[in-house]
2 protein chains.
Amino acid sequence: MQITDSTPHTTEASRAAARRQQILAAAAQCFREHGFHGASIARISKIAGMSAGHIYHYFENKEAIIGAIVAQDLETLLTLTAELRAACNVRNALIERAAEGVLDQLDPASAALKVEIVAEAARNPRVAQIVRAADATCRRELAVTIGAIRRAAGHDDTPAATADMVEVLAALFEGLLLRTIRNPDLDRRRVAQRIQLAINDLLDQPG
Amino acid sequence: MQITDSTPHTTEASRAAARRQQILAAAAQCFREHGFHGASIARISKIAGMSAGHIYHYFENKEAIIGAIVAQDLETLLTLTAELRAACNVRNALIERAAEGVLDQLDPASAALKVEIVAEAARNPRVAQIVRAADATCRRELAVTIGAIRRAAGHDDTPAATADMVEVLAALFEGLLLRTIRNPDLDRRRVAQRIQLAINDLLDQPG
DNA sequence: TATTCTAGATCGAACGCTAATTCTATGTTA
DNA sequence: TAACATAGAATTAGCGTTCGATCTAGAATA
């Protein structure tokens, strides 16, 4: 399964960007299948359809590829929470969006890479720094969203209480990554509904 | 930080078992710090206080060490859920035990290894098989416990509904492993309390 | 327009290193 | 002395990375 580049490129800059993206796509696949340390440059280069040496024209070293993959993965998470905050009726938006988000989290292929990233963060300070910065941003956004919902429902929470609810919500979501690996046979749609109920309850918890 | 063996051994069998355990302890430490593939036999042997070659008298290969670590880690989980089921007032037992369990899950060192195991399960069929078998047992136990609690409260759930609640409960718990890595600064005690509230709500959800 | 030039793209061999595993020799103990 | 524990060197394979040689496409020139 080789990743090729079919689109023509006017400028050399866009060509280089496409080549970089090609490498990242191949690397993501390898990292998913073999982990960060089990995936070799040789294998990545084969899937990307270029020589091993050539990869070093686009990335300083393997660590840089890992960093780019991690940053790219977290960027989608950041835009997602930002979108959520922009919704008008926030409570319904959150709960409706949740079902969609749950199904995303339950996709085994993407879950494998996300879990690999956190595992790497637990031991690689460079990755940990990227992951924690992104997580802090997500938490801040989510805290604002939840704070607004709770205030609208007449609750007057301390910042700490809001932060705790954010943690529980995040745990619920991220836990699905592990669940879909441990139990690939779970019923995704029904679990999504249950999660919606749980989020609903969480938003009504006493302060 | 070398792991030595101070206790005397009468039989050669117990000595061998102790040596095996010594290797597993060293391996667990290495796997936590460097991951399954980043940890070398050389490093493990140094921490276990023996030569690299000697490790092969106790384990067929590195894969076997990984398998033993995974099995050992999951065994503690199995006994924990079994204990839970044995409690008399199940609902209070579950919720009280939960706080303790949450704090366990939030220990960063043990979380790193547990996440590493799931990441490995996502790509290594041998590890996946061990992990999934243990998970199935846990789910069965938990389903019985939750089923009893719900019936006592007058609910008449389908097996599927019970299974879904088990999944949500499991996601909530396992999500904490990822949370403590992504946000090491979270307040463990307060989050534990919030989780207790969430479990309480979960047990009162409509069927 | 045809030819030459050139800078970046690309390859693949080569390097040094470290991994997992095997083997042989030696120590230890009952 | 026989069996097992242990060390450490040897083996083989694969890793990340570097480097010099080619190729190629478009700019410059005639």
Separation of C:dT21 P from B:I65 CD1 (nearest whole Å) = 8 Å
Residue pairs involving residues 69-81 of chain A (criterion side chain to side chain donor-acceptor pair (under 3.5 Å); sequence neighbours excluded) = A:Q21-A:Q72
inquiry  = Holding to ring pair (Phe, Tyr, Trp, His ring centres under 6.0 Å), I want the full list of residues that pass it with A:H57, two or more places apart in sequence or in another chain.
reply    = A:H54
message = Using a 4.0 Å heavy-atom cut-off, does A:Y58 contact any base of the nucleic acid, only the sugar-phosphate backbone, or nothing at all?
response = sugar-phosphate
Out of D:dT17, C:dT21, D:dG8, whichever nucleotide has its closest atom nearest the side chain of B:K62 = C:dT21
query = Roughly how many Å is it from NE2 in B:H57 to C1' in C:dT22, rounded to a whole number?
reply = 10 Å
Distance-only side-chain donor-acceptor flag, B:R32 / B:Q29, under 3.5 Å = no
query = What's the CD1-P distance between A:I41 and D:dT18, to the nearest Å?
reply = 11 Å
Inter- and intrachain pairs under side chain to side chain donor-acceptor pair (under 3.5 Å), touching residues 158-176 of chain B, at least two apart = A:R179-B:E167, A:R179-B:E174, A:R182-B:E174, A:N183-B:E167, A:R190-B:D164
Set of side chain to side chain contact (heavy atoms under 4.5 Å, CB included) partners for A:N200, sequence neighbours left out = A:R91, A:I95
query = Could you state the NE2-P distance from B:H37 to D:dA13, rounded to the nearest angstrom?
reply = 20 Å
ask   = Which of these nucleotides, D:dT17, D:dA5, C:dT22, is closest to any side-chain atom of B:H54?
value = D:dA5
remark   = Between CG of A:N61 and P of D:dT17 the distance, given in whole Å, is 5 Å
Distance, rounded to the nearest Å, where A:R43 contributes CZ and D:dG16 contributes C1' = 14 Å
note = Sorted by chain and residue number, the side chain to side chain contact (heavy atoms under 4.5 Å, CB included) partners of A:E96 (sequence neighbours excluded) come out as A:N92
Base versus backbone protein contacts along nucleotides 13-18 of chain C [heavy-atom cut-off under 4.0 Å; B, S, -] = ------
query = Starting at NE2 of A:H34 and ending at P of C:dA19, how long is that distance when rounded to a whole Å?
reply = 20 Å
key: Salt-bridge present (A:R123, B:E33; N to O < 4.0 Å)   = no
query = Hey, does the side chain of B:R19 come within less than 4.0 Å of D:dT6's phosphate (OP1/OP2), counting only N and O?
reply = yes
message = With salt bridge (Lys or Arg N to Asp or Glu O under 4.0 Å) as the rule and sequence neighbours excluded, what pairs involving residues 35-45 of chain A come up?
response = none
ask   = Taking the side chain of B:S51 as its heavy atoms from C-beta onward, which of D:dG16, C:dC11, D:dA7 lies nearest to it?
value = D:dA7
query = For DNA chain D, what residues of residues 117-124 of chain B have any heavy atom nearer than 4.0 Å?
reply = none
message = Restricting to salt bridge (charged side-chain N to carboxylate O under 4.0 Å, His left out), what partner residues turn up for B:E83, sequence neighbours left out?
response = B:R97
query = In whole Å, what is the span from the CD1 atom of B:I23 to the P atom of D:dA5?
reply = 12 Å
